Amino acid sequence: MNEPIQPATVRVFIALAPPDDAKEELARALRPAYDAYPRLRWNRIEDWHITLAFLGELPVETAPLLRQPLADLAAARRPLRLALRGGGHFDARVLWSGIEGDLDGLHQLTADVRGVVKECGIVFEDRPLRPHLTLARARRDDPSSVVTVASDLAAFTGREWEAERLHLVASNIGRGPGPIHYRDIEAWHFSGGR
């Protein structure tokens with residue numbers, strides 16, 4: 001019997017994830033858009049996340065180097081209080097919900113996470129953080145759906161929640177014709193100050 005061939009690389013990012021009830025609150029607000037715009041490529045609710053550092057394709061042996069430094073970082077930090085608010089779009093193609101709450105803490109956590117990545121010798125594109133939760137992407141022949149849904153979502157105000165864990169995540173993007181799926185490589189609770 002042939003063993004499945006394991007990829008030599010894995011696409012990796014570090015993120016926060018809203019709790020299920022906060023995601024479900026936003027999903028309820030999006031229900032009319034799901035029905036009205038079925039051709040949008042909607043992200044699965046279980047995959048919604050706030051990316052702190054996108055590392056791209058890494059050799060499979062590189063991701064484990066991040067485990068202990070990220071565990072130590074999470075152990076020293078308190079959970080952040082955040083909320084999902086409103087909606088917007090990037091280039092009329094990517095629909096997102098905004099993030100509010102302890103944005104100073106979110107930016108500091110992002111800087112600390114990216115510092116850990118650099119200390120591990122991992123090179124990545126260090127773009128400025130634009131806190132958001134990606135919800136959907138438009139198909140190339142659909143130039144207006146994302147803009148319309150973003151406008152409809154502008155008044156959304158979600159409840160506050162605590163980001164309790166730091167996630168090291170892998171994705172299967174580019175590895176087949178199906179939808180993008182994410183899986184935790186590992187996640188750590190923020191436990192500082194408790």
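Atoms considered below: every heavy atom in the structure, side chains included; atoms not considered: hydrogens, waters and symmetry mates. Being a predicted model, the structure only gives us computed values, none of them experimental. The residues of the chain are indexed from 1 along the displayed sequence.
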Measure across Pro69 and Cys120 and return the closest heavy-atom pair with its distance rounded to 0.1 Å. CG-SG, 3.9 Å
Using only heavy-atom distances, determine whether the side chains of Gln108 and Asp112 contain a donor-acceptor pair under 3.5 Å. yes
Cationic N near anionic O, under 4.0 Å, Arg139 to Asp142: no
Cut-off 3.5 Å, side chains only: do Glu186 and Trp188 have a donor facing an acceptor? yes
For residues Leu135 and Ser97, report the shortest heavy-atom separation together with the two atoms involved. CD1-N, 3.8 Å
More than 12 heavy atoms of other groups within 6.0 Å of Arg130 CZ: no
Any donor and acceptor pair, going by atom type alone, linking the side chain of Asp184 with main-chain N or O of Ala187 inside 3.5 Å? no
Could you walk me through whether Glu25 and Phe156 pass the side chain to side chain contact (heavy atoms under 4.5 Å, CB included) check? CA-CA 10 Å; Glu25 183 180 36; Phe156 174 76; 4.2 Å; yes
Test your reading of the model: is there a side-chain donor-acceptor pair from Arg77 to the backbone of Leu166, 3.5 Å cut-off? no
Closest heavy-atom pair and its distance - Trp48, Thr134: CD1-O, 3.8 Å
Write down the atom of Leu80, the atom of Leu109, and the distance for their closest heavy-atom approach. CD1-CD2, 3.8 Å
Indicate the atoms forming the closest heavy-atom contact of Leu106 with Pro131, along with that distance. CD2-CB, 3.7 Å
Is there a donor-acceptor contact under 3.5 Å from the side chain of Arg81 to the main chain of Gly101? no
Can you check whether Asn43's main-chain N or O pairs, donor with acceptor, with Arg137's side chain at less than 3.5 Å? no
Should we say atom CG of Asp91 is surrounded by more than 12 heavy atoms from elsewhere, each under 6.0 Å from it? no
Please say whether more than 12 non-hydrogen atoms of neighbouring residues, nucleotides or ligands are located less than 6.0 Å from CZ in Arg127. no
Using the benzene-type ring in the case of Trp, are the ring centres of His49 and Phe13 under 6.0 Å apart? yes
How close do Phe54 and Arg11 get, counting heavy atoms only, and between which atoms? CZ-NH1, 3.6 Å
What about His132 and Phe90, are their ring centers closer than 6.0 Å? yes
Verdict with reasoning, Val146 to Val94, per side chain to side chain contact (heavy atoms under 4.5 Å, CB included): CA-CA 7 Å; Val146 163; Val94 178; 5.9 Å; no
Ignoring hydrogens and angles, tell me if any N or O in the side chain of Trp161 forms a donor-acceptor pair with the backbone of Asp20 under 3.5 Å. no
